[in-house]
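Reading through the structure tokens given below for one structure.
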Amino acid sequence: MPLALLALAIGAFGIGTTEFVIMGLLPEVAGTYGVSIPTAGFLVTGYALGVVLGAPLMTVLGTRIPRKRMLMLLMGLFIAGNVLSALAPAFGVMLAGRVVASLAHGAFFGIGAVVAAELVAPAKKAGAIAMMFTGLTVANVIGVPLGTLVGQHLGWRVTFLIVASLGLLGLLGIARLVPDLPRPEGVRIRHELAAFRNVQVLLAMAMTVLGFGGVFAAVTYITPMMTNVAGFADTSVTWLLVLFGLGMVAGNLLGGRFADRALMPMLYVSLGALATVLAVFTLTAHTKAGAAVTIVLIGALGFATVPPLQKRVLDQAAGAPTLASAVNIGAFNLGNALAAWLGGIVIAAGFGWTAPNWVGAALAASALGLALVSGALERRTAARAGGEGRGDRPVAAGSPADAAAVLTHH
């Protein structure tokens, strides 16, 4: 793998750290500004919404800018947002800093995935994407726990200054290591938007929302579930999240490896196993050992879907993949928000702390259903073209009518 992927992974590490570290620092931030913890929670919600809105916005603004330069500008925006957060004199300014940083998130991963795929041979594209996303997964193993520890002992402002330094390191790495890839000739915003008329692109994005939503339905409420059901002490939750992060790292790398060999079968297996494990979590959450093992599996199976889903979007939006790739990153965050909302509803309805696991299982099973529809539609399109379709090879886009027919058939 090219050394340039290391620079992208460092940027991804910084972005992953700033996205999740705030969850462990909410009490400290709330205390600094004299607001309630639920109010401080807007720092999480605001960031997620900024990713969803910023991904297409920043990508559209960067259509005429060479991809390397755009990645550097996005890292600069990320640095500015984190410095603003660190120095914010009031809660509103802190929230603005979070939103500024989040605007870089979706476009960085979207454009970065396109660049990573262009740096390697076609047979290694998913592996290259997985290598970049390793920075995000490792952030949950190292960056988030260390950032939380630093914030609790030295102050949360120090944490955000360190994150800004990581962004600077990523910026320098991109400037030094990423080659000047030529911007595709003749690609305009209308070409990028045309990808959204492809049913396969829309199906892949819906799989992203539902599949990754399944993971976060459980993980969002992992603290009360582990303390009130499994019987862990509050101090153990950090290490449980480290286990989850280790699972994410392993699943991400395996997902990239096997997606390059057989993309759709990889999705069928990972989504089916994820739905099963989430359903089983309602039982294993009652024992410490069972809960710990299941958390690792959820992290591994959830992130095993990331490289194949991102590559699926790139393949099906071939020719103008940048906007679709960035919007798919926003879809991950949309899935997080949807799952957290649905999980909160079942808990509030009195179904218990493990009820979000059933929500997650249903979401993952729905994603599997869409994957089966996508594969069937692709085979039908290939058959009409007179060839044998393969789930891991892009073919001509299916029409909405074809998709409806497949859904009816299933």
Side-chain angles (χ1 to χ4, degrees), residues 19-27 29-30 35-49 51-52 140 144 148 208-245 247-248 271 273-299 301-303 331-368:
E19 179 180 17
F20 296 112
V21 76
I22 189 64
M23 298 175 187
L25 297 176
L26 282 182
V29 174
V35 300
S36 67
I37 289 181
T39 298
F42 283 116
L43 297 172
V44 178
T45 308
Y47 188 96
L49 292 176
V51 175
V52 174
N140 285 272
V144 173
T148 302
T208 297
V209 172
L210 295 173
F212 212 67
V215 174
F216 271 80
V219 173
T220 299
Y221 301 98
I222 198 72
T223 298
M225 196 187 308
M226 292 299 94
T227 55
N228 297 328
V229 179
F232 281 102
D234 291 344
T235 52
S236 300
V237 174
T238 299
W239 298 109
L240 291 171
L241 291 175
V242 170
L243 289 178
F244 175 71
M248 289 165 62
L271 288 171
L274 177 62
T276 303
V277 168
L278 284 166
V280 169
F281 197 25
T282 59
L283 301 176
T284 58
H286 291 272
T287 66
K288 291 182 178 180
V293 171
T294 310
I295 286 171
V296 175
L297 291 175
I298 291 172
L301 293 168
F303 262 78
F332 284 108
N333 283 267
L334 183 60
N336 297 353
L338 173 67
W341 176 63
L342 292 174
I345 287 177
V346 294
I347 291 173
F351 290 104
W353 291 112
T354 60
N357 299 331
W358 286 114
V359 173
L363 291 172
S366 300
L368 174 60

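Given the structure is predicted, the values throughout are model-derived calculations rather than measurements.
- For the atom pair OG1 of Thr294 and CG of Leu301, the computed distance is 10.5 Å after rounding to the nearest 0.5 Å.
- Contact record, Pro356 with Val346: N-CG2, 3.9 Å, taken as the closest heavy-atom pair.
- A distance of 11.5 Å separates CG of Leu342 from CD1 of Ile347, quoted to the nearest 0.5 Å.
- With hydrogens and angles ignored, the 3.5 Å screen pairs a side-chain donor or acceptor of Tyr221 with a backbone N or O of Gly344.
- The distance from the CG atom of Asn228 to the OG1 atom of Thr354 is 11.5 Å, given to the nearest 0.5 Å.
- Contact check for Phe244 versus Val219: side-chain heavy atoms found under the 4.5 Å cut-off.
- If you take CD1 on Ile222 and CD1 on Ile298, they are separated by 6.5 Å, rounding to the nearest 0.5 Å.
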Kindly determine whether Leu243 and Trp239 satisfy side-chain contact (heavy atoms from CB on, under 4.5 Å), including the steps that lead there.
CA-CA 6 Å; Leu243 289 178; Trp239 298 109; 5.9 Å; no

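- Taking all atoms of both residues into account, the shortest heavy-atom contact from Ala365 to Ala275 is N-CB, 3.8 Å.
- Counting all heavy atoms, side chain and backbone alike, Leu278 lies closest to Ala364 at CD1-CB, 4.3 Å.
- Here the OH-CG distance, from Tyr47 to Asn333, works out to 7.5 Å after rounding to the nearest 0.5 Å.
- Interatomic distance, Thr284 OG1 to Asn357 CG, rounded to the nearest 0.5 Å: 7.5 Å.
- Among all heavy-atom pairs drawn from Met226 and Ala291, the shortest one is SD-CB, 3.7 Å.
- With sequence neighbours left out, the side chain to side chain contact (heavy atoms under 4.5 Å, CB included) criterion links Thr287 to no other residue.
- Screening Phe212, Phe303, Phe216 for a ring pair (Phe, Tyr, Trp, His ring centres under 6.0 Å) with Phe332, the sole residue that qualifies is Phe212.
- Shown here for Ala217 and Val359, the closest heavy-atom pair between the two residues is CB-CG1, 4.3 Å.
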Given Leu334 and Leu338, is the side-chain contact (heavy atoms from CB on, under 4.5 Å) satisfied, shown in steps?
CA-CA 6 Å; Leu334 183 60; Leu338 173 67; 5.6 Å; no

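- When all heavy atoms are compared, the tightest approach of Phe281 to Met225 is CE2-SD, 3.7 Å.
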